Trainee: 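Shown below is the structure under consideration.
Bear in mind that the values here come from a model prediction, so they are computed numbers and not experimental data.
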Amino acid sequence: MIGSIIGTGVFALPSALAPYGPISLVAFAAVTVGALALALTFGALSKRTSSSGGPYVYAREAFGEFAGFLNAWSYWITAWAGNAAIVVAWVGYVEVFVNTGHQVGGSVLIALVGLWIPAAVNLTGVRNTGAFQVITTVVKFVPLIFMATIGLLFVDPDNFGPFNAGGQSTLGAISAAAAIALFSYLGLEAASVVAGRVREPGRNVPRATVYGTLACAVIYILGTLAVFGTVSHGALGSSTAPFTDAANNIFGGTWAGNTVAVAAIVSGIGALNGWTMLCAEMPYAAARDGLFPAAFARTRGTSGVPIFGIVVSTVLASLITVFSYTRFDDVFTKIVLLSVLTAVIPYLFSAAAQLYWVLVRGRDGLTLGRLVRDVTVAALAMAFSYWSIQGSGYQTVYYGLFVLLLGLPVYVWLKRTRHEGEAPDGPAPAASDKSSGSAAAVLPGPRAPETTPARLPGRRTTVVRFRRSTRRDQH
């Protein structure tokens with residue numbers, strides 16, 4: 001999970017936060033509290049089901065299939081748009097060695113290579129993807145831990161610049177900086193998204209989610225503080241590789257900065273590797289339930305590689321990367337805000353689902369202290385999600401709402417296809433395949449309207465039907 005959270009994005013974050021000044025460190029601390037609330041929420045929700053899908057499963061089981069579809073659609077956008085943001089930051093560190101003049105054509109070419117290498121690794125199977133992730137995760141920690149420890153010894157207060165450099169109100173500056181800082185925590189839900197592929201998910205997913213977020217929080221805040229204090233405020237705002245500049249300022253010369261750049265490059269590839277898998281995993285889970293185009297459920301090989309989801313998501317990430325390089329000056333920030341907004345929507349639904357399960361379905365089995373704790377954490381996660389949407393800015397909310405609503409025609413088409421595929425007397429129930437990571441495992445909760453997932457080529461279809469007071473769930 002840490003491999004998906006820590007990517008090249010955190011290596012570029014100090015430059016994106018520099019226009020706001022050191023007040024962005026306050027925003028980072030506030031975001032960390034919200035991220036921990038979300039991590040605890042996802043940890044609690046993951047104990048209710050071992051199925052893959054994460055926010056999609058939670059929203060669908062709490063609020064119905066349309067909410068599930070919206071979450072799957074929004075998270076899918078987050079995944080491939082986030083890959084575009086990661087690769088833009090990754091390019092900044094690659095260009096420490098090549099295309100040092102930052103010509104747009106060269107940057108675009110490097111970005112496309114960075115997107116398609118992880119896609120190729122994912123297409124070879126889950127085992128290779130996991131091994132690649134372990135290696136890159138180990139390497140990426142080296143420069144971050146160095147800056148979060150040794151780097152703090154070289155902090156010069158004169159480098160920080162004005163506390164509120166952007167000139168906004170204190171609350172406005174914190175909110176705006178927080179929306180950018182949240183990008184560094186995207187992926188905290190990764191373990192729940194692939195829960196169906198995790199051993200002992202009820203035990204391991206909550207631990208990975210909470211402890212992984214805590215570890216990242218410590219490294220992020222201390223590392224960003226060190227970069228702010230070792231690179232002048234003026235230079236930091238225009239830097240494309242701030243951790244490299246910080247290392248060079250500490251040791252002199254370029255060897256230290258080059259070493260950090262290599263680690264950042266490896267880190268970026270590792271994050272892209274993990275997120276490419278998530279790009280396919282969420283729509284795969286939804287497609288198996290008939291709530292995403294059936295092509296996303298097609299797999300290859302014994303490990304079940306969702307080829308279509310990987311390829312399509314990488315193509316879309318490539319397109320938005322090319323578009324951003326040719327249209328925007330602050331490419332990284334623009335894509336970051338879009339991916340954060342589309343991620344916060346599933347976070348919001350997940351926090352609401354947890355409140356629903358605790359207050360409506362689970363309160364009888366909880367002590368008063370446990371009830372108060374769970375409600376407080378879920379309410380904090382929900383409030384944090386609303387705050388993050390507000391801090392994204394009007395333009396980002398406009399674009400984010402637009403791409404989210406593009407899913408409505410897709411949902412209508414899916415409903416029409418499912419309706420036409422139904423037999424006059426309704427299809428007979430089929431056995432579910434829980435071991436394959438299907439999102440069909442049903443959480444304890446209210447009876448939902450009778451639904452019939454579309455039949456997918458080459459797969460048995462899970463059918464869960466509810467009639468009045470009798471629940472029939474074929475397993």
Trainee: Side chain to side chain contact (heavy atoms under 4.5 Å, CB included) for W80 and V312? Distances and angles first, verdict last.
Mentor: CA-CA 9 Å; W80 55 259; V312 170; over 6 Å; no
Trainee: Ring centroid separation for Y93 and F243, is it under 6.0 angstrom?
Mentor: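 Ring centroids of Y93 and F243 are no less than 6.0 Å from each other.
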Trainee: Taking C-beta and beyond as the side chain, do F11 and L144 meet within less than 4.5 Å on heavy atoms?
Mentor: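 Sidechains of L144 and F11: in contact.
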Trainee: Can you list every pair that meets side chain to side chain donor-acceptor pair (under 3.5 Å) and has a residue in residues 339-350, with sequence neighbours left out?
Mentor: T78-T342, E189-Y347
Trainee: Who passes side chain to side chain donor-acceptor pair (under 3.5 Å) against S239, sequence neighbours left out?
Mentor: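 Side chain to side chain donor-acceptor pair (under 3.5 Å) check on S239 returns D245.
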Trainee: According to salt bridge (charged side-chain N to carboxylate O under 4.0 Å, His left out), who are the partners of R373, at least two apart in sequence or on a separate chain?
Mentor: none
Trainee: To the nearest 0.5 Å, what is the distance between CG on L225 and CE on M147?
Mentor: 9.5 Å
Trainee: Apply side chain to side chain contact (heavy atoms under 4.5 Å, CB included) to T276 and V121, showing your working.
Mentor: CA-CA 9 Å; T276 299; V121 173; over 6 Å; no
Trainee: Quick one: salt bridge (charged side-chain N to carboxylate O under 4.0 Å, His left out) pairs with a partner in residues 338-352, sequence neighbours left out?
Mentor: none
Trainee: With a 4.5 Å limit on heavy-atom distance, are the side chains of V305 and N122 in contact?
Mentor: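 No, too far: nothing below the 4.5 Å cut-off.
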Trainee: If you round to the nearest 0.5 Å, how far is CG of L112 from OG1 of T314?
Mentor: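 Going from OG1 on T314 over to CG on L112, the span is 11.0 Å.
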Trainee: Do Q390 and Y386 touch side chain to side chain, with heavy atoms closer than 4.5 Å?
Mentor: no
Trainee: Has W90 got a side-chain atom pairing as donor or acceptor with L115's backbone, closer than 3.5 angstrom?
Mentor: no
Trainee: If the plane angle is over 60° it's perpendicular, under 30° parallel, otherwise tilted; pick one for F402 and Y398.
Mentor: parallel
Trainee: Side chains of Y185 and L38: closer than 4.5 Å at any heavy-atom pair?
Mentor: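 Y185 vs L38: side chains apart.
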Trainee: Under the 3.5 angstrom rule, does the side chain of Y220 hit a backbone N or O of S184 as a donor-acceptor pair?
Mentor: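 Yes.
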Trainee: Where does the angle between the aromatic ring planes of Y58 and F42 fall among parallel (under 30°), tilted (30 to 60°) and perpendicular (over 60°)?
Mentor: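 Ring orientation, 0 to 90° scale: tilted.
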Trainee: So, T224 side chain and I221 main chain: donor-acceptor pair closer than 3.5 Å or not?
Mentor: no
Trainee: Can you see which heavy atom on S74 is nearest to which on L404, and at what distance?
Mentor: CB-CD1, 3.7 Å
Trainee: Any chance you could lay out the side chain to side chain contact (heavy atoms under 4.5 Å, CB included) test for S324 and V88, step after step, and finish with the verdict?
Mentor: CA-CA 9 Å; S324 299; V88 168; 5.9 Å; no
Trainee: Between N273 (side chain) and I269 (backbone), is there a donor-acceptor pair under 3.5 Å?
Mentor: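 A pair under 3.5 Å: no.
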Trainee: So do N83 and I86 actually touch side chain to side chain, heavy atoms under 4.5 Å?
Mentor: yes
Trainee: Enumerate donor-acceptor pairs with a distance under 3.5 Å from any side-chain N or O in residues 164-181 to protein atoms, sequence neighbours excluded.
Mentor:
| from | atom 1 | to | atom 2 | distance (Å) |
| --- | --- | --- | --- | --- |
| N164 | ND2 | Q168 | O | 2.7 |
| S169 | OG | G172 | N | 3.0 |
| S175 | OG | L171 | O | 2.9 |
| S175 | OG | W387 | NE1 | 2.8 |

Trainee: Roughly how far apart are L182 CG and L13 CG, rounded to 0.5 Å?
Mentor: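 Here the rounded value is 10.0 Å.
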Trainee: Judged by atom type as modelled, is there a donor-acceptor pair below 3.5 Å linking the side chain of T299 to the main-chain atoms of P306?
Mentor: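 Checking the backbone N and O of P306 against the side chain of T299, no donor-acceptor pair under 3.5 Å is found.
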Trainee: Mind listing the closest non-hydrogen atom pair of A287 and F296 along with its distance?
Mentor: CB-CB, 3.9 Å
Trainee: Between Y20 and L25, is any pair of side-chain heavy atoms under 4.5 Å apart?
Mentor: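 Result no, sub-4.5 Å side-chain heavy-atom pair not found.
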Trainee: Check the surroundings of atom CZ in F163: do more than 12 heavy atoms from other residues, nucleotides or ligands lie under 6.0 Å from it?
Mentor: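 Yes, the 6.0 Å shell around CZ holds more than 12 heavy atoms from other groups.
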Trainee: Test of understanding: with ring pair (Phe, Tyr, Trp, His ring centres under 6.0 Å), list the residues that count as partners of Y411, not counting sequence neighbours.
Mentor: F66, F69
Trainee: Could you measure the distance from the CG atom of D289 to the OH atom of Y284? Nearest 0.5 Å is fine.
Mentor: 10.5 Å
Trainee: Which heavy atom in A111 sits nearest to a heavy atom in T321, and how many Å separate them?
Mentor: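 The pair with the smallest heavy-atom distance is CB-CG2, 3.7 Å.
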Trainee: Would you confirm whether S46, through its side chain, and G43, through its main-chain N or O, come within 3.5 Å as a donor-acceptor pair?
Mentor: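 Yes, because the side chain of S46 sits within donor-acceptor range (under 3.5 Å) of the backbone of G43.
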Trainee: So, for L186 and A343, which heavy atoms are closest and what is the spacing to 0.1 Å?
Mentor: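 Heavy atoms of L186 and A343 come nearest at CD2-CB, 3.6 Å.
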Trainee: Can you tell me how far apart OH (Y399) and CD (Q395) are? Round to the nearest 0.5 Å.
Mentor: 5.0 Å
Trainee: Step by step, would you call L337 with L341 a side chain to side chain contact (heavy atoms under 4.5 Å, CB included)?
Mentor: CA-CA 6 Å; L337 289 174; L341 179 68; over 6 Å; no
Trainee: Does W275 reach the side chain of P118, with side-chain heavy atoms less than 4.5 Å apart?
Mentor: no
Trainee: So which atom in F384 and which in A35 form the shortest heavy-atom distance, rounded to 0.1 Å?
Mentor: CE2-N, 4.1 Å
Trainee: Given side chains that start at C-beta, do those of P283 and F308 come closer than 4.5 Å, heavy atoms only?
Mentor: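 Contact flag for P283/F308 side chains = no.
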Trainee: Any side-chain to backbone donor/acceptor pair from S313 onto I310? Under 3.5 Å, distance only.
Mentor: no
Trainee: Which atom names give the shortest non-hydrogen contact between S388 and V344, and what distance separates them?
Mentor: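 In this case the closest contact between S388 and V344 is CB-CG2, 3.8 Å.
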Trainee: Output the distance between atom CG (L406) and atom CH2 (W73), rounded to the nearest 0.5 Å.
Mentor: 6.5 Å
